[in-house]
Amino acid sequence: MLPAIERAAPFLVSENATVRGLLQQVLVLVVAAGLACVCADAAAQGLKVQGLPKSFSLPVADAEVPAHEKAGRHLARARDYAKQSAELASEGNCRAIDGYFAATEAAWNALWLCPSDPELVREAAELYACTLQGLLESATAHGRLDCRGLLVGPEWGPIIVPIEMPGMQIPASAIEHVEATPPPGDKRIHRRHERGGFGLPVSVRVATPADREGNRILAPQRQSLAATAVLRFPMPADENVLEAFSGPLARDHAPAILDLVNPMEIAAVDLGPSRPLLAADLTAPLLDMLGGMPANDNAVNFFLPYGSSTARPRIELLEPHRPGRVPVVFIHGLGSDEGTWFDLLNELRVHPWFQKRFEPWLFHYPTGASFLQTSAVLRRQLTATVRRFDPEGKDPAMQHLILVGHSMGGLHAKLQVVEPGTALWDSVACVPFNEVRMRSSIRRQVAPGYFFKPLPFVNRVVYIATPHAGSSLASLAVGRVASATVQQPEESLAIHREVLGANPGAFRSDFERAPPTTVDILEPKSSILQALHDLRPSCRVTMHSIIGNGVTWPLSGPGDNVVPVSSARLPGVVSEVLVPSVHTELHHHPITVFEMERILAEHLRENGL
């Protein structure tokens with residue numbers, strides 16, 4: 001009967017630590033009373049009792065048992081506790097937390113005691129990860145896991161299991177949430193980078209500040225990091241007969257520490273006499289972040305106006321900033337969002353050198369917004385972010401930013417490294433800017449889109465499928481329909497009407513009809529695009545082109561189905577790579593990934609970083 005009692009006891013005894021202690025004391029007293037009766041009876045019969053010490057300890061239940069057999073017993077207990085804990089968890093019972101805790105400890109003990117048996121180690125490691133996942137999920141569901149630690153035991157007397165963060169770039173106090181459930185796949189990421197081993201891969205969401213509207217500051221709605229959870233226990237001790245009888249939850253919980261380990265910094269874990277590799281899922285945090293973003297609908301996202309509260313241009317950091325890492329700013333194109341870069345980032349982030357030397361930043365903007373004004377916002381936000389992280393200008397990495405733009409994002413990138421003089425203004429107006437009548441508040445708002453200096457801290461730009469000379473699709477019927485349905489910000493339309501009314505004949509005819517939309521900018525005959533094409537960055541800026549040639553059209557020739565090769569080519573680049581791909585897949589293509597890796601390595605070498 002003892003095995004059955006042992007399996008049931010963990011969930012039948014009281015959760016109160018005091019009651020558990022009293023139960024053990026009562027059992028000890030029963031044994032002691034029995035021994036006292038034996039002694040009394042012996043004395044009454046004139047017998048001499050020998051060998052009874054003044055104090056005694058209870059016999060060890062597993063004494064003289066081989067280590068392999070002990071490990072098997074722990075593994076059997078872990079299975080039983082895991083099964084019963086799962087039943088409690090399905091009922092929403094918080095006692096599942098303590099059951100999973102006991103099951104995880106039993107699996108740990110089995111691994112510790114018999115590391116030489118590969119089959120036992122495999123089963124124990126899988127059971128350990130499974131029960132640890134159940135523990136973290138149940139603790140999260142019942143509000144017992146936060147930055148302070150993991151709470152086990154009764155509500156009126158819980159025990160806090162502290163959290164340590166080996167190799168992580170944040171302290172435990174910065175944890176917002178630990179996501180133990182593996183995230184589902186997403187069509188925006190084609191491969192999942194995982195490593196088998198010991199522990200449970202998790203996503204650690206970082207607590208980041210938010211503005212009054214609830215939007216995170218310099219972070220996506222979820223900023224997640226890859227970690228591997230390891231619940232560490234002390235070296236397993238033999239159970240005494242009372243512990244074996246009453247079950248593990250009838251005694252105090254074993255001391256433990258919950259490690260959230262950076263699997264890119266730490267490759268193995270010490271587990272008694274063995275040192276198994278640490279499990280890892282490097283794609284999980286990207287999938288977790290994508291889960292916090294709206295699903296990308298190209299048709300809908302294309303027409304989002306600037307004024308939408310959820311569509312304001314913003315810079316997002318995928319990880320907390322660390323000095324010494326070079327920011328790489330990724331800028332998406334028309335009808336897209338920052339999620340389009342996650343597949344490329346998934347491939348780059350598997351390299352330890354990328355994690356240590358580079359810091360991915362994303363620029364999100366509504367593609368229906370004013371083209372030049374969006375570039376002005378990017379310029380202003382880049383300047384503010386660099387000053388925020390390096391106010392004294394002492395971090396060399398912050399003086400060598402890289403911009404990577406896909407499609408129209410490449411045009412926004414180019415606008416950060418050129419000095420237009422009056423070229424952009426002359427492309428829309430017939431009179432000088434200072435002679436146009438407008439309110440001073442409007443003048444301050446309009447000027448940054450046309451007159452600016454190149455950013456001194458950007459010295460490399462990568463153009464991917466960028467239509468420097470436009471796209472013929474913008475001139476076709478589909479382009480005309482798209483341009484007519486773009487919802488421009490009402491504020492921009494009001495300024496346009498006011499300035500035109502005060503300055504008849506001061507602007508070119510195409511600008512007088514309506515302010516150009518983002519689709520209009522991409523027409524090969526666009527005066528703004530032609531002016532931008534002729535601008536050249538200074539020699540301190542290194543440029544690269546990655547061009548798609550997966551499709552050939554009768555009129556425009558080879559291209560990517562949207563941008564012809566002839567339009568994507570730009571004089572002055574130091575490298576040009578042709579990729580057999582279409583427009584929407586070009587920045588995901590393996591050749592593009594390889595070229596990006598080469599460019600990043602070259603950036604470090606040429607700048608002495």
Side-chain angles (χ1 to χ4, degrees), residues 169 218-220 223 225 264 282 285-286 289 314-333 336-365 378-379 381-386 388-390 395-407 409-417 455-466 537 540-546 573-575 577 586-589 592-609:
Q169 55 186 288
L218 292 177
Q223 188 183 71
L225 305 176
M264 294 295 290
L282 303 181
L286 292 174
M289 284 187 275
R314 62 184 182 273
I315 290 175
E316 299 176 350
L317 276 66
L318 294 188
E319 303 172 0
H321 172 68
R322 280 189 290 167
R325 297 200 301 176
V326 177
V328 184
V329 186
F330 295 89
I331 311 166
H332 65 77
S336 187
D337 61 19
E338 63 271 40
T340 192
W341 293 109
F342 276 47
D343 199 34
L344 172 61
L345 289 170
N346 183 49
E347 302 303 319
L348 294 176
R349 282 159 49 107
V350 300
H351 300 294
W353 58 266
F354 181 84
Q355 295 271 24
K356 292 180 180 179
R357 309 299 296 276
F358 294 99
E359 188 169 89
W361 297 4
L362 305 177
F363 181 62
H364 169 82
Y365 65 98
L378 173 59
R379 192 176 304 110
Q381 291 191 4
L382 284 173
T383 301
T385 305
V386 168
R388 178 189 183 111
F389 293 141
D390 187 33
D395 186 354
M398 299 300 291
Q399 303 306 313
H400 295 89
L401 268 69
I402 303 172
L403 305 184
V404 182
H406 175 248
S407 192
L411 299 179
H412 285 302
K414 185 179 180 182
L415 280 167
Q416 310 306 306
V417 295
L455 295 178
F457 46 79
V458 176
N459 66 344
R460 193 175 300 267
V461 178
V462 181
Y463 302 110
I464 302 178
T466 298
R540 68 175 183 81
V541 179
T542 303
M543 300 185 297
H544 308 265
S545 288
I546 300 175
V573 299
V574 299
S575 69
V577 173
L586 181 57
H587 50 311
H588 308 159
H589 197 279
T592 300
V593 175
F594 181 80
E595 175 66 1
M596 282 299 306
E597 293 171 353
R598 186 196 66 80
I599 291 171
L600 294 175
E602 181 179 291
H603 186 76
L604 294 177
R605 184 174 59 254
E606 291 183 351
N607 292 285
L609 298 172

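Nothing here was measured: the structure is a model prediction, and the numbers come from that model.
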Calculate, to the nearest 0.5 Å, the distance between atoms [atom1] and [atom2] belonging to [X] and [Y] respectively.
X	Y	atom1	atom2	result
Leu455	Leu401	CG	CG	8.5 Å
Thr385	Ile315	OG1	CD1	4.0 Å
Asn607	Ile402	CG	CD1	8.0 Å
Arg598	Glu595	CZ	CD	4.0 Å
Gln169	Glu319	CD	CD	5.0 Å
His400	Arg540	NE2	CZ	9.5 Å

Test ring pair (Phe, Tyr, Trp, His ring centres under 6.0 Å) applied to [X] - qualifying residues, sequence neighbours left out:
X	value
Phe363	Tyr365
Phe354	Phe358
Trp361	none

For residues [X] and [Y], determine if any side-chain heavy atom of one lies less than 4.5 Å from a side-chain heavy atom of the other.
X	Y	answer
Trp341	Leu318	no
Ser407	Leu586	no
Ser336	His406	no
Val328	Val462	no
Ile599	Val404	no
Pro323	His321	yes
Phe457	Asp390	no
Val541	Val458	no

- Excluding sequence neighbours, so at least two apart, what forms side chain to side chain contact (heavy atoms under 4.5 Å, CB included) with Arg388? Ile217, Leu218

- Message: Under the criterion side chain to side chain contact (heavy atoms under 4.5 Å, CB included), I'd like the reasoning laid out for Arg349 against Leu282: C-alpha separation, chi angles, the key distance, then a yes or no.
- Response: CA-CA 8 Å; Arg349 282 159 49 107; Leu282 303 181; over 6 Å; no

- Tell me, please, which residues at least two apart from Arg357 pass salt bridge (Lys or Arg N to Asp or Glu O under 4.0 Å). none

- Query: Partners of His588 by side chain to side chain donor-acceptor pair (under 3.5 Å), sequence neighbours excluded?
  - Reply: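 For His588, the residues satisfying side chain to side chain donor-acceptor pair (under 3.5 Å) (neighbours in sequence not counted) are Glu585.
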
- Test item: side-chain donor near acceptor, Glu316 and His364, under 3.5 Å: no

- Message: Side chains of Ser575 and His544: any donor to acceptor distance under 3.5 Å?
- Response: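 Looking only at side-chain atoms, Ser575 and His544 do form a donor-acceptor pair, the distance falling under 3.5 Å.
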
- Any donor-acceptor pair under 3.5 Å linking the side chain of Arg379 with the backbone of Leu415? yes

- Intermediate values then yes/no, side chain to side chain contact (heavy atoms under 4.5 Å, CB included), Lys414 and Met543: CA-CA 9 Å; Lys414 185 179 180 182; Met543 300 185 297; 5.7 Å; no

- Task: Please lay out, stage by stage, how Glu347 and Met596 fare under the test side chain to side chain contact (heavy atoms under 4.5 Å, CB included).
- Result: CA-CA 10 Å; Glu347 302 303 319; Met596 282 299 306; over 6 Å; no

Return the minimal non-hydrogen interatomic distance between [X] and [Y], and the atom names on each side.
X	Y	value
Arg325	Glu359	NH2-OE2, 3.1 Å
Asp395	Gly324	OD2-N, 3.0 Å
Thr466	Gly405	OG1-O, 3.8 Å
Met398	Pro327	SD-CG, 3.7 Å
Phe342	Met289	CE2-CB, 3.9 Å

- Task: Take Asn459 and His603, measure what side chain to side chain contact (heavy atoms under 4.5 Å, CB included) needs, and give me the verdict at the end.
- Result: CA-CA 9 Å; Asn459 66 344; His603 186 76; 3.2 Å; yes

